[in-house]
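First up is the structure itself, then whatever we jot down about it.
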Amino acid sequence: MVKYMATLFELKNISKEFGNKKVLHNISLTIDQNEIITFLGGNGSGKSTLLKIIAGIELPSSGKVNYYDKEIKIGYVPERFPKLIRFTPVEYLNSIGRISGLSQAFLKKAVPDLLYRFQLEELKNEWIMNLSKGNIQKVGIIQAILPKPELLILDEPFSGLDSHAQKELLTIIKELKDKGTTILITNHEANIFEMVETAYGIRNGLISPIINGKKEPIKLLEVKRLDESHVLKWNEVLHMEKKKNRLLLYVQLKNSDKVLYRILELQGSISRVETVEEFHLKFGP
């Protein structure tokens, strides 16, 4: 197992705008080798955009990504993997392998092995366009891990996967980390968090650390008669969900009294306060 820690890359003042909408605001972050890092945030928070910028697929409007190793191998799985009409899984994975410089001998063993692990061996010669969403996602995951990347970027990788594939992906993530790979992941459907060293919350285009290697209890506050426009200004709220006439607010334990006081000041009605494990929260896509 890799024992050292060294900086893999840095984000320096990364901002991203789409038209008049600013999705990311001056994000600076240092990512070390051999880490598993998760990004949590609601719909439209900017986490997928951030991963695309790190992967080099999207350019920032301002700021820079500095990689310490210019030859770094990056594996990337988008939230929605495209339907590759003119390829079967075997054809596509072998093509990607050759483009990545992998030997024919390596591909001859690695491709069948990975297809077997993800229960795709019987579908290896089917058109990818005819596969289910979950099986297309499996092909996407295999193409990303095939070259054994130094950096693996997974955007909602568990979405659509069956339980066997989820467990297999968790096993592979552990295997890659043991060999020194850094994994960046967004997730809200499967519990991977016992492996995570660091988590960051992204909200309103801003990023902040949530944990540093430990599970941290937080408070779930269920509130009525409170305008969400007030909550959007509160940095102490890690995540907000709307449920009919209620708001569900997730707040670090140390900030819960402060937020409760604000709610009462605004004449909101508190219907439930519950301690939950932060690592088991289900954040929106």
Side-chain angles (χ1 to χ4, degrees), residues 2 4-82 96 99-101 140-141 143-157 173 176-177 179-188 195-213 232 235 238-239 283-285:
V2 175
Y4 63 88
M5 297 291 286
T7 299
L8 186 65
F9 68 90
E10 288 182 322
L11 305 179
K12 292 193 174 182
N13 301 315
I14 296 292
S15 293
K16 182 65 180 180
E17 299 177 11
F18 293 103
N20 295 323
K21 183 179 181 181
K22 198 162 189 177
V23 178
L24 299 173
H25 302 262
N26 298 318
I27 290 178
S28 295
L29 196 63
T30 299
I31 301 295
D32 289 332
Q33 294 175 347
N34 194 222
E35 282 193 290
I36 300 178
I37 298 170
T38 187
F39 295 97
L40 305 176
N43 186 35
S45 62
K47 62 186 189 297
S48 292
T49 299
L50 180 63
L51 292 189
K52 289 178 183 178
I53 290 172
I54 293 171
I57 295 169
E58 192 86 51
L59 291 175
S61 300
S62 61
K64 190 175 182 181
V65 182
N66 289 331
Y67 280 100
Y68 281 70
D69 181 357
K70 303 301 181 183
E71 302 298 323
I72 184 174
K73 289 189 291 185
I74 300 175
Y76 171 68
V77 181
E79 183 178 358
R80 294 177 180 84
F81 199 76
I96 288 295
I99 292 170
S100 302
I141 291 167
Q143 64 82 29
I145 63 179
L146 189 60
K148 298 182 179 178
E150 285 94 0
L151 174 62
L152 178 61
I153 300 173
L154 304 170
D155 193 358
E156 302 291 352
I173 287 173
L176 289 171
K177 185 184 185 300
K179 295 176 181 177
T181 298
T182 294
I183 297 103
L184 308 183
I185 187 167
T186 64
N187 169 68
H188 73 286
M195 298 187 294
V196 171
E197 282 93 357
T198 306
Y200 292 96
I202 302 180
R203 184 170 178 267
N204 298 330
L206 300 172
I207 192 168
S208 59
I210 294 176
I211 56 98
N212 288 294
L232 291 173
N235 292 329
L238 301 172
H239 180 65
F283 283 81

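Atom set for the values below is all heavy atoms of this structure, side chains included, hydrogens, waters and symmetry mates excluded.
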Has T30 got a side-chain atom pairing as donor or acceptor with E10's backbone, closer than 3.5 angstrom?
no
Check the angle between the aromatic planes of F9 and Y67 and answer parallel, tilted or perpendicular using the 30° and 60° thresholds.
tilted
Output the distance between atom CG (L146) and atom CD1 (I141), rounded to the nearest 0.5 Å.
13.5 Å
After noting the C-alpha distance and the side-chain angles of I207 and L11, does the key distance pass the side chain to side chain contact (heavy atoms under 4.5 Å, CB included) rule?
CA-CA 12 Å; I207 192 168; L11 305 179; over 6 Å; no
CG-CG distance between L151 and L176, expressed to the nearest 0.5 angstrom
11.0 Å
Do the side chain of T181 and the main chain of P149 share a donor and acceptor less than 3.5 angstrom apart?
yes
Point-to-point distance, once rounded to the nearest 0.5 Å, from CD1 of I185 to CD of E156
8.5 Å
Looking only at atom types and distance, does a side-chain atom of S61 sit under 3.5 Å from a main-chain N or O of E17, one as donor and one as acceptor?
yes
Side-chain donor or acceptor of S28 paired with backbone N/O of N13 under 3.5 Å
yes
Check I36, I31, D155 against L184 for a side-chain contact (heavy atoms from CB on, under 4.5 Å) and give me the one that passes.
I31
More than 12 non-hydrogen atoms from neighbouring residues, nucleotides or ligands closer than 6.0 Å to NZ on K22, yes or no?
yes
Which heavy atom of A55 sits nearest a heavy atom of Y76, and at what distance?
CB-CD1, 4.0 Å
Heavy-atom pair of closest approach, residues I173 and I183:
O-CD1, 3.9 Å
For the student: nearest non-hydrogen atoms of G46 and V23, plus distance
CA-CG1, 3.5 Å
Examine distances only and state if a side-chain atom of E150 and a backbone atom of K73 form a donor-acceptor pair shorter than 3.5 Å.
yes
For a side chain to side chain contact (heavy atoms under 4.5 Å, CB included) check, start with the C-alpha distance between L8 and D32, then their side-chain angles and the critical distance, and finish with the verdict.
CA-CA 5 Å; L8 186 65; D32 289 332; 6.0 Å; no
Show the numbers, then the answer: is there a side chain to side chain contact (heavy atoms under 4.5 Å, CB included) between L24 and I53?
CA-CA 11 Å; L24 299 173; I53 290 172; 3.9 Å; yes
Just how far is it from atom CG of L50 to atom CG of L29, taken to the nearest 0.5 Å?
7.5 Å
Can you see which heavy atom on G205 is nearest to which on I27, and at what distance?
O-CD1, 3.9 Å
Work out which heavy atom in I96 is nearest to a heavy atom in Q143; give both atom names and the distance.
CG2-O, 4.1 Å
What is the distance from atom OG1 of T198 to atom CZ of F39, rounded to the nearest 0.5 Å?
9.5 Å
K47 vs E79 side-chain heavy atoms within contact, under 4.5 Å:
no
Can you tell me how far CD1 of I74 sits from OG1 of T182, rounded to the nearest 0.5 angstrom?
11.0 Å
For S45 and I202, work out which heavy atoms get closest and say how close.
O-CG2, 3.1 Å
